[in-house]
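The structure appears right after this line, and notes come after that.
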Amino acid sequence: MNTRVYLNEWFINAGIIGFLRILKHNEQDFVIIKDNYIEFDTNNIKDFNKYYFKYFFDKYNIAQKMENRIEKSFDKIELLLQNKEQKDALKQEKKSIKEILKKQLDKIKKIDENTYKEMLEEYSRIDKVSTSEELKQIKDNLIHNFKKEYINKKITLNLFKSILSKNYFGQQSFLNVVKNSLSYEEQENIMYKDYISNIIETETLQEIASGNYTIEELKEKLEQKQLDENIPKNMKKVYDSINKNFVKKNKTINEISNYINNKVFKLCAMCGNEHCTTSDYTEGNFIPLAVSSENMTNFFWEQNINIQICDICKLILFCIPAGVTDIIKTAKENGKYIEKDILSFVNYDTSVQNLLKTNNSFGIESKKERTQYNPYADLILDIVNQNTKVSDWQLKNIFVVEFETEYLAFSRMEYFNIKSYVAKFFTKYPEMLKNIKDYKYRIQVVDYLLKDKDIDKLVNQRLRDAISNKNNTIDSYLATKVKVTLQVLKKGEGLMNDEVKNANKQIGLMYAIGQEIKETLRSQNNENKLDGYIYKMLNCIKTNNRNEFTDVAIRILWSMGKDVPQILVKNNENVEWQELGHSFIAGLSSNIINNKGDKDNG
């Protein structure tokens, strides 16, 4: 039976991309990719459960990851053993690798006590190892045991089950913890029953409804189905009903056909297919988009919680984990930067092939060294490079979703469009972001500009932190340049490049004046003289009190023998007074020797 899955909402599209990635990883090419849909014969997905398991097994392969980690760590230990002055570093590296090993040994202990004891013995030798020969022996023995097939299969399976359960589907199917005692192959079979079997059986039901069988042929077919252990109970009930209520009562094929079309087949609320078997849509289909329906009937129109989803859509949603990208986001909590793993998908009005290419590229960019690259900046460039004629409308409709979920705890989801002026910023002025040295702060700035948040608030807090901790303020000035440039591009009028240069020249002037004052005070050993004024100006910007800010700034300028720049007291077309103020404060608090070019180049 040929079936089509069309591009739809972002979660369906993410599932389509995941479905295609899983098949490619398994070297399966039976899917026909069209502009806005994929098409395949459902008979070709009979082994999809095996493809699915292999994809995630290879992605999270514990033996492979531990081999790489052990090799890297032991190479470092070997070098440190040759340098007697590096005792502390050697001790720390041994401690680090032992902590990693201990976590895995605790898991192996539950699987094979003898292997655990053998590995524990090697683990215990790490602290006392003193020669390269001993080190190699320990390394080889540990890696050998990690590579034991039944050990690696079990711990890797438990790992990716935990990830799928926690972030996507809860305790559905083989993900339920009560299935953990089953073998790898047994859990594969559970997935077949729960996600694939009904798709295969739907074709049989359609054949019956179409009159492809005589009554005698149908009777034989139904007997075979009842003996098939891979068919789930709900489908066997359908076959049993056809047999008892129609075949044994000598009903006609037309009556059986009416029963299947009117009672068995239902409308899928997700794809609109009317000739399919369905089940109730629940949080187990995809946690971030669902609620526990039975416990929240008041959330539904007329308290109808029976929203139907077909088996094809159910399988496609189950492929979402292979379709999204893991990225690292930086947030500031309780005064400290923390890094969080976020799941992300890029959706926009394009073909299946381009959507696949874009998200594949996004996945590659997200793995790059994040101190040097930003996946969203590279994403824009990649889309433009894919199609040099990409329209402004397409750029405006680049839609990004980010979500983080923990089963039974929380689900957070953010959507944002990459606006056309933001896309222009990434394509024309990428160096502005690269110049921000603190990559965690850079990630924050990017997050703010993508989600159209007020960068001034970020800059204000950053300046306060930098001043109180005696850190440099250059990154705050550079973030202000980003904000000013975005304001010019947002207008989208006139000679953009000239206006960007002029706007940055104005804040560059205020930054340079602030630097000159700081240098003068530094030469007089009086650089902390203005701290009180600086905090007062920051408060004025935060409370939008321009008059008081200007009074304080003028007092500082006059006290240092400086003329008052006209841009400080007049309204400027492309630069807000807050940006001028932040640039001035960044200069006053700078630890960098003044760059004379700032006055001219910004």
Side-chain angles (χ1 to χ4, degrees), residues 454-488 491 499-602:
D454 188 0
I455 293 177
D456 282 337
K457 293 181 180 178
L458 185 65
V459 171
N460 196 284
Q461 186 57 53
R462 172 76 176 195
L463 283 169
R464 291 173 186 272
D465 294 342
I467 293 164
S468 63
N469 295 319
K470 306 297 181 183
N471 294 332
N472 211 297
T473 55
I474 183 67
D475 280 352
S476 296
Y477 165 62
L478 295 172
T480 303
K481 290 183 71 173
V482 170
K483 169 73 184 296
V484 168
T485 302
L486 285 168
Q487 285 177 175
V488 175
K491 288 173 56 180
E499 291 195 38
V500 167
K501 284 184 178 179
N502 183 54
N504 280 292
K505 183 178 179 181
Q506 292 181 58
I507 64 168
L509 173 62
M510 294 304 298
Y511 180 72
I513 292 172
Q515 277 191 308
E516 289 177 0
I517 292 173
K518 180 61 178 274
E519 286 174 30
T520 300
L521 293 172
R522 185 184 289 118
S523 67
Q524 298 170 355
N525 292 321
N526 199 17
E527 56 185 304
N528 296 324
K529 175 182 177 181
L530 300 177
D531 284 359
Y533 289 117
I534 288 172
Y535 280 111
K536 191 168 187 178
M537 287 191 291
L538 285 170
N539 288 334
C540 289
I541 294 174
K542 189 174 182 179
T543 58
N544 200 31
N545 190 338
R546 182 175 185 177
N547 290 335
E548 188 172 357
F549 171 84
T550 305
D551 288 344
V552 175
I554 289 173
R555 263 184 278 164
I556 292 172
L557 290 165
W558 281 351
S559 70
M560 299 302 297
K562 299 285 185 183
D563 293 330
V564 177
Q566 289 297 302
I567 55 173
L568 185 62
V569 293
K570 288 186 176 180
N571 290 329
N572 302 280
E573 186 178 1
N574 292 319
V575 183
E576 300 288 341
W577 70 271
Q578 289 93 337
E579 281 89 59
L580 294 169
H582 281 148
S583 299
F584 182 49
I585 293 168
L588 287 173
S589 309
S590 174
N591 293 327
I592 296 177
I593 296 174
N594 187 22
N595 177 0
K596 302 297 183 184
D598 270 316
K599 287 187 179 181
D600 300 317
N601 302 322

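Every value quoted in this text rests on a predicted model; they were computed, and no experiment measured them.
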By side chain to side chain donor-acceptor pair (under 3.5 Å) - contacts of Asn539 (at least two apart) = Arg464
ask   = So does Tyr535 have more than 12 non-hydrogen atoms from other groups sitting under 6.0 Å from OH?
value = yes
inquiry  = Quick check on Asn571: does its CG atom have over 12 non-hydrogen neighbours (other residues, nucleotides or ligands) under 6.0 Å away?
reply    = no
By salt bridge (charged side-chain N to carboxylate O under 4.0 Å, His left out) - contacts of Lys536 (at least two apart) = Glu548
ask   = What residues form a side chain to side chain donor-acceptor pair (under 3.5 Å) with Arg555, not counting sequence neighbours?
value = none
query = How many angstroms lie between atom CE of Met537 and atom CG of Leu588, to the nearest 0.5 angstrom?
reply = 5.0 Å
key: Pairwise distance OG(Ser583) to CG(Leu463) - rounded to 0.5 angstrom   = 9.0 Å
query = Taking only residues two or more places apart in sequence, or in another chain, which ones meet Ala466 in a side-chain contact (heavy atoms from CB on, under 4.5 Å)?
reply = Asn471, Thr473
request  = Could you pull out the closest heavy-atom pair between Asn460 and Leu538, with the gap in Å?
outcome  = ND2-O, 3.2 Å
request  = To the nearest 0.5 angstrom, please state how far the NZ atom of Lys562 sits from the CD1 atom of Ile513.
outcome  = 7.5 Å
key: For Asn526, all residues meeting side chain to side chain donor-acceptor pair (under 3.5 Å), sequence neighbours excluded   = none
task = Quick one: closest heavy-atom pair of Gln515 and Ser590, and the distance?
result = NE2-OG, 3.5 Å
key: side chain to side chain donor-acceptor pair (under 3.5 Å) involving Asn525 - partner list, sequence neighbours excluded   = none
key: Atom pair OH/CE of Tyr477 and Met510 - distance to nearest 0.5 Å   = 11.5 Å
task = Check side-chain contact (heavy atoms from CB on, under 4.5 Å) between Gln487 and all other residues, then give those that pass, not counting sequence neighbours.
result = Lys483, Glu576, Glu579
query = At what distance, to the nearest 0.5 angstrom, does CG of Leu478 lie from OH of Tyr511?
reply = 7.5 Å
task = Only counting residues at least two apart or in another chain, list the ones meeting side-chain contact (heavy atoms from CB on, under 4.5 Å) with Lys470.
result = Asn528, Asp531
task = Drop me the distance from Thr480's OG1 to Asp475's CG, to the nearest 0.5 angstrom.
result = 10.5 Å
task = Name all residues meeting the ring pair (Phe, Tyr, Trp, His ring centres under 6.0 Å) criterion together with Phe584; count only those two or more places apart in sequence or in a different chain, and write none if there are none.
result = none
query = With sequence neighbours left out, what residues match Asn544 under side-chain contact (heavy atoms from CB on, under 4.5 Å)?
reply = Trp577, Gln578
